[in-house]
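All remarks here apply to the structure that follows.
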Amino acid sequence: MRMSQLFSKTLREAPNGADSKGYEYLLRAGFIRQLGAGIFSLLPFGFTATKKIEQVIREEMNAIGGQEVLMPVVNPADIWKETGRFYSIDKEMSRFNDRVGRDMVLAMTHEEAVTDLARGEIDSYKRLPLLVYQIQTKWRDDPRPRAGLIRVREFTMKDSYSFDVDQAGLDKQYADHYKAYFRIFSRCGLPVIVVGADSGMMGGKISHEYMYLSPIGEDTIITCPSCEYTANRQVATFKKTYHAEAEKAVEKVLTPECKTIEELAQFLKIEESQTAKAVFQVGTFINDTNGEEEEKLIVGIIRGDLEVEENKLQNAAKANALRPAHPEEIVAKKMVPGYGSAIGCSSDVLVIVDDSVAKSNNLVAGANEEGYHLLNTNFGRDYTGTVADIASASAGYACPVCGKPLESSKGVEVGNIFQLNTRYSESMNCTYQDETGVRKPVIMGSYGIGVGRLLACLAENYHDDKGLVLPISVSPMQVHLVSLVKDAQVADDIYAALTKAGIDVLYDDRKESAGVKFADADLIGFPIRITIGNRSLKEGKVEVKLRSNLEESFSFELNTVVEETQAMVAKLKGELASQLVEKEWKKD
RNA sequence: CGGGGCGUAGCCCAGUGGCUAGGGCACCUGCUUUGGGAGCAGGAUAUCGAAGGUUCGAGUCCUUUCGCCCCGACCA
């Protein structure tokens with residue numbers, strides 16, 4: 001590519017709103033441009049980098065038996081009604097009517113579409129296992145797009161779907177993906193960790209997320225430095241301690257101005273862990289078959305020294321959504337905010353009790369009366385409810401596996417793998433006949449990688465104060481050829497020779513000053529820079545630098561530029577390949 | 001959806017209710033220059049986000065509205 005003809009141009013200053021360095025450089029180097037909130041165009045560099053990432057993904061997906069397909073972005077709503085997700089997913093999925101008024105949706109994922117495909121193609125166990133994947137546009141009307149390509153509304157995603165006769169088959173395909181994903185991310189140069197995850201709206205049980213650890217991430221990851229334990233905070237567990245002692249009789253005490261656990265503990269001169277607090281939420285429950293909504297007050301009871309993890313509470317309550325309850329709603333169920341507990345509340349309240357409370361005795365809880373608390377309350381004796389783990393794990397808590405203190409960090413989810421089991425095949429009647437002629441639902445898995453998000457994470461991970469420093473596997477071009485000489489002939493010849501040899505070259509043939517050219521080369525950040533200038537030219541050489549180390553300078557002989565460049569490309573590729581991560585999934 | 005911020009040339013930003021709306025970068029022309037965002041001279045580019053209002057007079061004040069960003073709610 002001749003830079004004089006390049007569609008994009010570089011920007012000297014960061015456009016307003018480019019808050020992270022990775023995003024700023026992608027904009028300034030001319031990889032991407034914003035069209036609207038969470039909507040971006042890919043310019044030649046951005047698109048080429050994307051295609052290189054996609055190629056890595058294709059190779060690894062094909063290697064585990066994937067067959068590439070392409071499904072429509074627009075789906076008839078019917079299939080989404082079959083699985084119920086037409087009703088259970090809120091505004092995040094965009095809907096419209098076609099000219100005859102049929103309900104249509106913009107697919108935000110393709111479980112429904114692929115299951116519809118599969119039920120037409122799969123009839124016998126002899127056809128299984130199968131794996132299909134696509135690399136395709138998704139639209140999700142996220143309420144809050146942000147951070148450039150990290151959290152967008154329209155994006156490219158690799159999504160694959162596996163079909164098996166049994167759990168063992170699913171486990172095999174899950175393990176294949178687990179391993180392939182590490183290969184994909186490491187071939188692209190992105191360091192990731194895998195964490196246990198919540199399966200959320202996807203249904204199913206086992207799932208993992210691939211996280212790029214970074215302060216710009218929005219997910220909180222709980223890790224154990226001493227053992228292998230890692231999990232998204234939404235599902236992370238920890239070792240709890242309990243106050244088990246002989247039950248004592250309930251006693252009502254006056255506790256004025258003690259609306260928080262801290263105030264209460266100080267007033268009564270007890271530990272926060274000797275109290276039980278109530279968290280009030282209103283859950284929305286949606287009937288999957290007709291979309292009817294029902295709201296119900298949920299009270300989460302947790303020990304005073306712990307916090308409720310709302311995601312866990314929502315799962316335990318089997319609610320579709322949660323929102324904080326208004327004081328009136330709480331009072332209507334015979335409870336008092338600030339002095340609340342499940343004791344004496346209306347029977348239609350959903351009580352979820354953390355095991356920290358259920359397994360402890362004689363906790364101080366609200367009396368549901370302004371200014372009063374109850375001493376020595378006990379779960380089971382004084383109130384009942386569903387026992388579940390709804391506590392939020394934090395740094396310093398004991399690892400559930402080895403007991404050492406946990407750590408917490410921020411991460412960006414770049415990939416995920418889910419065991420769907422029969423969540424979709426059952427509701428959409430996607431079955432196969434086994435050896436005995438019995439119809440059984442196909443066992444499914446679903447696996448995603450955010451392609452644009454991966455590029456954004458790479459930009460975040462690979463930059464310095466001058467610009468991008470992308471790995472050679474994903475860099476749009478391998479070589480940046482900078483010509484500083486008046487007579488273009490030498491540079492033109494080298495450009496032609498390198499291109500002919502199959503090397504991707506950006507040739508800066510512009511009539512610009514050396515400073516401008518170097519600054520742009522730094523900003524765009526292609527791995528190998530070849531400078532043609534009089535300084536080295538009179539010795540029959542060209543100057544060579546690696547973007548990753550601008551301090552060090554090499555030189556290539558004019559008559560062996562092609563061979564030496566090829567060797568340099570191979571060397572960089574080799575270095576990256578030597579960092580390939582091979583990791584296996586072991587079922588617990 | 002709640003809270004906050006910002007919309008002035010392609011980009012970054014100035015602009016007390018008062019003359020023809022400015023600067024830097026980028027762009028065009030000419031000359032000069034060619035190893036780290038050059039110099040000189042000249043030039044073009046704005047429905048001041050939009051609509052309505054107040055006023056003799058609005059980029060500036062008021063109302064409405066649209067868009068973008070940030071915090072929160074939210075998020076496979």
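Side chains included, hydrogens not; waters and symmetry mates left out as well; all remaining heavy atoms used. All chains are named by letter (A, B, ...) in the order of the sequence lines, taking the proteins before the strands, and each is independently numbered beginning at 1.
Salt bridge annotation for A/Glu82-A/Arg119: present, with a cationic side-chain nitrogen under 4.0 angstrom from a carboxylate oxygen. Taking the charged nitrogens against the carboxylate oxygens, A/Arg146 and A/Asp19 have no contact shorter than 4.0 Å, which rules out a salt bridge.
When distances are taken from the side chain of A/Ala514 to each of B/G36, B/G72, B/C74, the shortest belongs to B/G36. The listed nucleotides are B/G36, B/C74, B/C70; the one nearest the side chain of A/Glu310 is B/C74. The side chain of A/Glu512 lies closest to B/C27 when the candidates are B/G37, B/C75, B/C27. You'll find that the side chain of A/Ser513 is closest to B/A38, out of B/C70, B/G35, B/A38. Relative to the side chain of A/Arg146, the nucleotides B/G36, B/G24, B/G72 differ in distance, and B/G72 lies closest. The side chain of A/Arg151 lies closest to B/C75 when the candidates are B/A26, B/C75, B/G36. For A/Ala37, counting side-chain heavy atoms from C-beta on, the closest listed nucleotide (B/C12, B/C68, B/C74) is B/C68. Closest contact between the side chain of A/Leu484 and the listed nucleotides B/A26, B/G35, B/C12 involves B/G35. Closest to the side chain of A/Asn16, out of B/C74, B/C13, B/G35, is B/C13. The side chain of A/Arg144 has B/A73 as its nearest neighbour among B/C68, B/G37, B/A73.
The stretch residues 25-32 of chain A touches RNA chain B through A/Arg28, each having a heavy atom within less than 4.0 Å of the strand.
Judged by Watson-Crick or G-U wobble contacts below 3.5 Å, the nucleotide B/A44 has no partner. With a cut-off of 3.5 Å on both pairing distances, B/A26 has no Watson-Crick or G-U wobble partner at all. Both distances falling under 3.5 Å, in either a Watson-Crick or a G-U wobble arrangement, occur for no nucleotide opposite B/G36. Nucleotide B/G59: unpaired (no Watson-Crick or G-U wobble partner with both distances less than 3.5 Å). Here B/C6 sits opposite B/G67 as a Watson-Crick or G-U wobble pair (both hydrogen-bonding atom distances under 3.5 Å).
Taking the nucleotide of RNA chain B with the nearest heavy atom to each of A/Gly36 and A/Val485, the more 5' of the two is matched to A/Val485.
The closest side-chain donor-acceptor pair between A/Ser536 and A/Lys538, if any, does not fall under 3.5 angstrom.
Test A/Trp585, A/Tyr174, A/Tyr447, A/Tyr210 against A/Tyr181 for ring pair (Phe, Tyr, Trp, His ring centres under 6.0 Å) and you get one pass: A/Tyr210.
Distance check: A/Leu420 CG to A/Met444 CE gives 5.5 Å after rounding to the nearest 0.5 Å.
For A/Gln5, there are no side chain to side chain donor-acceptor pair (under 3.5 Å) partners two or more places apart in sequence or in a different chain.
Remark: the separation of the C1' atoms in B/C71 and B/G36 is 40 Å, to the nearest Å. Rounded to whole Å, the P atom of B/G49 lies 8 Å from the corresponding atom of B/A9.
Considering only side-chain N and O atoms, A/Gln34 lies under 4.0 angstrom from the phosphate OP1 or OP2 of B/C69.
Although no hydrogens or angles enter the test, the distance criterion places a donor-acceptor pair under 3.5 Å between the side chain of A/Tyr229 and the main chain of A/Thr237.
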